[in-house]
Student: 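There's a structure below that I have some questions on.
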Amino acid sequence: MRINKYIAHSGICSRRKAEELIAQKKVMINGEVVESLSTVVDAKDIVVVDGKKIEPEKNKIYLMLNKPSGYISAVSDDKGRKTVLDIIKPHYDERIYPVGRLDFDTEGLLILTNDGEFANKLIHPSSNISKTYYVELDQPLTMKSIFNLESGVVIDGYKTKKCRIKKIGKGTSTTKCLITIEEGKNRQVRKMFETQRLRVKYLKRLQIGELYLGDLEKGKFRPLTKKEIKYLMSIN
């Protein structure tokens, strides 16, 4: 097994992150620093990442969390803020981490796992997996703004892909909507609406592909079903 895949299977990070650790000279096999991504590992080898010995996780964990606002989507935080793992850790001994992220002040569906291959598949740009959010705005959402957003807007020097927006409620004073995007740039939804001079007051992710948050309570989590895991694994 190649070293980046071995690290991913250990549950500490995705394969992409593993490649970054290798480039940073933080990975050792049998006491020697790994120089090549093509390095192969077998069962007899001792692998150390950032000073800690690792082994592939035998018990694969796949979770859905309804993330509350006020938590960051990370395994730790140098500012001392609460992380989503503060919710999960008391219940699992395995090294679990979030797949992708939700902003500190955003709520909703977040997947966590210790399966690096699974995580890498979901966050890879080629997956083109859609994400649907419920949005509350500070001002009415006009048809002109909807057209602009659905056509693509420029944020941070990047033009967003086409998206879908559905107003919730009738009339010109509607400030609630659903937005479906196929990207995950930093604070993307908020920045998209800012281009139309609209401020997002509340944001919650409801859906990833065909995976729905449903009635899972805020701050609660549950294992993904076999059907849900199979669906996510099947995404190209």
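We count residues from 1, following the sequence as given. In this text, all values refer to a predicted model and were calculated from it rather than measured experimentally.
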Student: Please answer whether the main-chain N or O of Ala18 pairs with a side-chain N or O of Lys26 as donor and acceptor at a distance below 3.5 Å.
Tutor: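 No, because the side chain of Lys26 does not come within donor-acceptor range (under 3.5 Å) of the backbone of Ala18.
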Student: State plainly whether the residues Arg187 and Glu194 are in salt-bridge range, i.e. N to O under 4.0 Å.
Tutor: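 Glu194 and Arg187: not salt-bridged.
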Student: Distance from Glu35 atom CD to Ile3 atom CD1, nearest 0.5 Å?
Tutor: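 Separation between the atoms: 12.5 Å.
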Student: Heavy-atom distance under 4.5 Å between the side chains of Leu110 and Arg205, does that happen here?
Tutor: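 Yes, their side chains come closer than 4.5 Å.
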Student: If you measure from CD1 on Ile165 to CG on Leu178, what distance do you get to the nearest 0.5 Å?
Tutor: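 The CG atom of Leu178 is 10.0 Å from CD1 of Ile165, to the nearest 0.5 Å.
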Student: Considering all heavy atoms of both residues, which atom of Gln188 and which atom of Thr160 are nearest to each other, and what is their separation?
Tutor: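 Gln188 and Thr160 have their closest heavy atoms at NE2-CG2, 3.8 Å.
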Student: Between Asp156 and Lys185, does any side-chain N to carboxylate O distance fall below 4.0 Å?
Tutor: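 Result for this pair is no, no salt bridge flagged.
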Student: Could you tell me whether the side chain of Ile235 reaches within less than 4.5 Å of the side chain of Asn128, counting heavy atoms only?
Tutor: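 They are not in contact (no side-chain heavy atoms under 4.5 Å apart), so the answer is no.
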Student: Quick one: which of Leu203, Val200, Val189 gives a side-chain contact (heavy atoms from CB on, under 4.5 Å) with Thr106?
Tutor: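 Option passing the side-chain contact (heavy atoms from CB on, under 4.5 Å) with Thr106: Leu203.
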Student: Judged by atom type as modelled, is there a donor-acceptor pair below 3.5 Å linking the side chain of Asn114 to the main-chain atoms of Ile61?
Tutor: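 Yes: the side chain of Asn114 pairs with the backbone of Ile61.
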Student: Report the distance from atom CD of Glu210 to atom CG of Leu232, rounding to the nearest 0.5 Å.
Tutor: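 Glu210 atom CD to Leu232 atom CG measures 9.5 Å (nearest 0.5 Å).
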Student: Between the side chain of Asn30 and the main-chain N/O of Ile46, is any donor-acceptor distance below 3.5 Å?
Tutor: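 Side chain of Asn30 to backbone of Ile46, a donor-acceptor pair under 3.5 Å: yes, one is there.
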Student: Counting only heavy atoms not in Asp42 (residues, nucleotides, ligands), do more than 12 fall under 6.0 Å from its CG?
Tutor: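 Atom CG in Asp42 is crowded, with more than 12 foreign heavy atoms closer than 6.0 Å.
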Student: Which heavy atom in Val75 sits nearest to a heavy atom in Lys89, and how many Å separate them?
Tutor: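 Heavy atoms only, the tightest pair is O-NZ, 4.4 Å.
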Student: Heavy atoms, side chains only, cut-off 4.5 Å: are Cys163 and Met192 in contact?
Tutor: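 Of all side-chain heavy-atom pairs linking Met192 with Cys163, at least one is under 4.5 Å.
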Student: Indicate if Leu109 and Leu216 have the same hydrophobic cluster label, given that clusters are the connected sets of ILVMFWY residues with side-chain heavy-atom separations under 4.5 angstrom.
Tutor: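 Yes.
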Student: Give a yes or no on whether Ile88 and Met64 share a hydrophobic cluster (residues Ile, Leu, Val, Met, Phe, Trp, Tyr; joining criterion: side-chain heavy atoms under 4.5 Å apart).
Tutor: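 No: no chain of side-chain contacts under 4.5 Å links Ile88 to Met64.
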Student: Grouping I, L, V, M, F, W and Y whenever their side-chain heavy atoms are under 4.5 Å apart, do Val49 and Val34 come out in a common cluster?
Tutor: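 Val49 clusters together with Val34.
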Student: After noting the C-alpha distance and the side-chain angles of Lys201 and Asp138, does the key distance pass the side-chain contact (heavy atoms from CB on, under 4.5 Å) rule?
Tutor: CA-CA 6 Å; Lys201 296 168 57 180; Asp138 66 336; 3.8 Å; yes
Student: Sub-3.5 Å donor-acceptor pair from the side chain of Glu94 to the main-chain atoms of Lys60, do we have one?
Tutor: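 No.
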Student: Give a yes or no on whether the backbone of Leu206 and the side-chain of Thr132 come within a donor-acceptor separation of less than 3.5 Å.
Tutor: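 Here the side-chain-to-backbone pair does not exist.
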Student: Under 4.5 Å between side-chain heavy atoms, hopping through other hydrophobics if needed: is there a path connecting Met143 to Leu149?
Tutor: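 Shared cluster, yes.
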Student: Do Arg101 and Asn186 come close enough that some side-chain heavy atom pair is under 4.5 Å?
Tutor: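 Side chain of Arg101 against side chain of Asn186, heavy atoms only: contact under 4.5 Å found.
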Student: Is the shortest distance from a Lys or Arg side-chain nitrogen in Lys82 or Asp86 to a carboxylate oxygen in the other one below 4.0 Å?
Tutor: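 Judged by the 4.0 Å cut-off on N to carboxylate O distance, Lys82 and Asp86 do not form a salt bridge.
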Student: Find out whether Ile54 and Ile7 are in side-chain contact, i.e. whether some heavy atom of one side chain is under 4.5 Å from a heavy atom of the other.
Tutor: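 Yes. Closest side-chain heavy atoms under 4.5 Å.
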Student: Check each of Ile208, Asn120, Ile123 against Val99 using the side-chain contact (heavy atoms from CB on, under 4.5 Å) test, and report the only one that passes.
Tutor: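 With Val99 as partner, Ile208, Asn120, Ile123 yield a single side-chain contact (heavy atoms from CB on, under 4.5 Å), made by Ile123.
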Student: Indicate the atoms forming the closest heavy-atom contact of Leu213 with Gly108, along with that distance.
Tutor: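 Looking at all heavy atoms of both residues, the closest pair is CD2-CA, 4.1 Å.
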Student: Please tell me if the side chains of Ile87 and Pro68 come closer than 4.5 Å, counting only heavy atoms from C-beta onward.
Tutor: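 Result yes, sub-4.5 Å side-chain heavy-atom pair found.
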Student: Have Tyr62 and Asp115 got a donor and an acceptor in their side chains that come within less than 3.5 Å?
Tutor: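 Their side chains do contain a donor-acceptor pair, which is all the 3.5 Å distance test asks for.
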Student: Nearest 0.5 Å, please: how far is CD1 in Ile111 from NZ in Lys67?
Tutor: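 If I round to the nearest 0.5 Å, the distance is 15.0 Å.
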Student: Would you check if Cys177 and Phe193 make a side-chain contact, meaning some heavy-atom pair closer than 4.5 Å?
Tutor: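 The answer is yes; the side chains approach within 4.5 Å.
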Student: Could you check whether atom CZ of Arg81 has more than 12 heavy atoms from other residues, nucleotides or ligands sitting under 6.0 Å from it?
Tutor: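 Enclosed.
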Student: I would like to know whether Glu107 and Tyr202 meet side-chain contact (heavy atoms from CB on, under 4.5 Å); could you show each step before the answer?
Tutor: CA-CA 8 Å; Glu107 298 182 358; Tyr202 179 75; 2.6 Å; yes
Student: Would you call Val40 and Asp45 a side-chain contact if the rule is heavy atoms closer than 4.5 Å?
Tutor: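 The answer is no; the side chains never approach within 4.5 Å.
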Student: Are there more than 12 heavy atoms of other residues, nucleotides or ligands under 6.0 Å from atom CD of Glu32?
Tutor: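 For Glu32, atom CD is not crowded (no more than 12 foreign heavy atoms under 6.0 Å).
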Student: Would Ile72 and Lys79 satisfy side-chain contact (heavy atoms from CB on, under 4.5 Å), going step by step from the backbone distance to the final call?
Tutor: CA-CA 11 Å; Ile72 66 167; Lys79 297 180 181 178; over 6 Å; no
Student: Give a yes or no on whether the backbone of Leu141 and the side-chain of Lys167 come within a donor-acceptor separation of less than 3.5 Å.
Tutor: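 Judged by distance alone, yes, a pair lies under 3.5 Å.
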Student: Looking at Arg190, I want to see if its CZ is surrounded by more than 12 non-hydrogen atoms of other residues, nucleotides or ligands under 6.0 Å.
Tutor: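 Result for CZ/Arg190: enclosed.
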Student: Search all heavy atoms of Pro98 against all heavy atoms of Ala74 and return the closest pair with its distance.
Tutor: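 Looks like CG-N, 3.8 Å.
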Student: How long is the gap from NE2 on His91 to CD1 on Ile96, to the nearest 0.5 Å?
Tutor: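 With rounding to 0.5 Å, NE2 (His91) is 10.5 Å from CD1 (Ile96).
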Student: Would a hydrophobic clustering, with Ile, Leu, Val, Met, Phe, Trp and Tyr connected at side-chain separations under 4.5 Å, put Tyr71 with Tyr133?
Tutor: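 Linked within one cluster.
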Student: What distance separates Glu150 CD from Thr180 OG1, expressed to the nearest 0.5 Å?
Tutor: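 Atom-to-atom, Glu150:CD and Thr180:OG1 are 9.5 Å apart.
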Student: Any donor and acceptor pair, going by atom type alone, linking the side chain of Glu19 with main-chain N or O of Asn4 inside 3.5 Å?
Tutor: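 Side chain of Glu19 to backbone of Asn4: no pair is present.
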Student: Shortest non-hydrogen contact from Lys159 to Gly152?
Tutor: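 Taking Lys159 first and Gly152 second, the nearest heavy atoms are CE-O, 3.7 Å.
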Student: Between Gly116 and Tyr97, which heavy-atom pair has the shortest distance, and what is it?
Tutor: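 Result for this residue pair: CA-OH, 3.0 Å.
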